[in-house]
Amino acid sequence: MPQNQHYKIILKPGREDSLKRHHPWIFSGAVKKVEGNPENGATVDIFSAAGRWLASGAFSPQSQILVRVWSFLQEEAITPEFFKNRLKKALFSRKQLFEASPTNAYRLINAESDGLPGLVVDRYGDFAVCQFLSAGAEFWKETIVQLLMEMFPFKGIFERSDEDVREKEGLQPQKGVLAGEMPPDLIEIQENSLRFWVDVKQGHKTGFYLDQRDNRDFLGRFANEKDVLNCFSYTGGFGIAALKAGAKSLINIDSSANSLQIARQNIDLNGLDTQRAEQMTGDVFQILRRFRDEGRLFDVIVLDPPKFAGSVNQVEKAARGYKDINWLAFRILRPGGILFTFSCSAHIKPPLFQKIVADAAIDAGRDAGIIQFLSQAADHPIALNFPEGHYLKGLICQVD
Ligand code: SAH
């Protein structure tokens, strides 16, 4: 078990404001002095320049974010008991959300927003898939895995710590079984009335876009008897929701043939009509242009692209990308048609996203209204002290 040495971080004068508001990140530029020689992920105490204790956190010497806060309570020691309490709290909130639902796949731990910076734990049926994305989460990995096995009857815990962000924390990518059994290549999950195969070993992130659950559900209201175009479909999430709701036709587009293969299997898994669905492997930008040139029209279009802006410097370029696909979508929607449009880039703020979509509609010569604002599902909470946790935003627009 990791030892709790007492290392001290002393901030520069006037740099404690964000901590007083309980923001969990301390940037290296705010730090005057590090006392002792804490190893990567070790627990440190943070003091103001005037010597007041402010928080305890995990030290990450290679990152711009030098410390991620574990606790703002001086009496709360960072021990296995601390992690047990945080896990318990998160599990309780998920129990409230899903107890009365057949859904057996959801985010159990949403990192900073569940008070556990850098730790993501997703449940897929009998298995958990984890990401340890910060030095502190990595430091406490064994403790966390042990606690999860004690608190939840998982058959196995699988690690997918293969995101680029680990590099910034001085950590190597890691993938494999952490406890219990190796999960099968595809795990079957239930999401409301839908079933999906999830590839937790090779799929994106931990295997599935759980954050879109509520929005997939919403799509069902608009899909009956409609021609639906699902862009950036991955394994077909929105497409399955549309078919289940009675869509007349569905096209899934994704650049990954593997993802579309699973999308096809998901149609079978739900006993839906494969004749009504087409899988197109290719680039959404190009295919939408082709549809526009061919005069193809749709009643409902979903745009759920990957993160176009990974950092602040990429916002402008990303905005052009979002505008382009939204403009194309507005060009190929039938009168009265519905657009579900998303951005999962945290750096693109909701007002900017709305402006991009508005500009796209004007340039496409369409009048449209927002009929619903969308966000990430409730198992992806956003701590009030951590607004950065709000990354997914979406609009349902109806064109005239
Ligand atoms: N809507 C999906 C998640 C989409 S993730 C769901 O609910 O599950 C984004 C997807 O876009 C990924 O599957 C990725 O393979 C695909 N993608 C990325 N760039 C693309 C492009 N230019 N054209 C088509 N697909 C692309």
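Remember, it's 1-based here, ligands and their atoms both numbered in the order they're listed.
- The side-chain tip of Arg94 does not point at the ring of Phe152 from less than 6.0 angstrom away and within 45° of straight on.
- Residue contacts with ligand 1 include Asp254, since one of its heavy atoms falls under 4.0 Å from the ligand.
- Residue Asp304 has at least one heavy-atom neighbour below 4.0 Å for each of these atoms of ligand 1: 1 (N), 2 (C), 3 (C), 4 (C), 7 (O), 9 (C).
- Those atoms of ligand 1 that come under 4.0 Å of a heavy atom in Asp283, given as number and element, are 21 (C), 22 (N), 23 (N).
- Counting heavy atoms closer than 4.0 Å to ligand 1, residue Ser233 contributes backbone atoms (N, CA, C, O) but none from C-beta onward.
- With atom 4 (C) of ligand 1 as the reference point, the heavy atom nearest to it among Phe196, Phe232, Phe308 is part of Phe232.
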Would you mind writing out the side-chain donor-acceptor pairs for residues 170-183 within the sub-3.5 Å range, not counting sequence neighbours?
unit_1, atom_1, unit_2, atom_2, d
Lys175, NZ, Lys201, O, 2.7

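- Of the candidates Gly321, Pro306, Gly239, it is Pro306 that places a heavy atom closest to atom 18 (C) of ligand 1.
- Residue contact check for ligand 1: Cys231 places no non-hydrogen atom closer than 4.0 Å to it.
- Using a non-hydrogen distance threshold of 4.0 Å, Gln286 does not register as a contact of ligand 1.
- Between Phe222 and Phe218, the ring-plane angle classifies as parallel under the 30° and 60° cut-offs.
- For atom 7 (O) of ligand 1, the choice among Lys307, Met280, Arg216 with the nearest heavy atom turns out to be Arg216.
- Arg213 contributes a side-chain N or O that, together with a main-chain N or O of Ala105, makes up a donor-acceptor pair within less than 3.5 Å.
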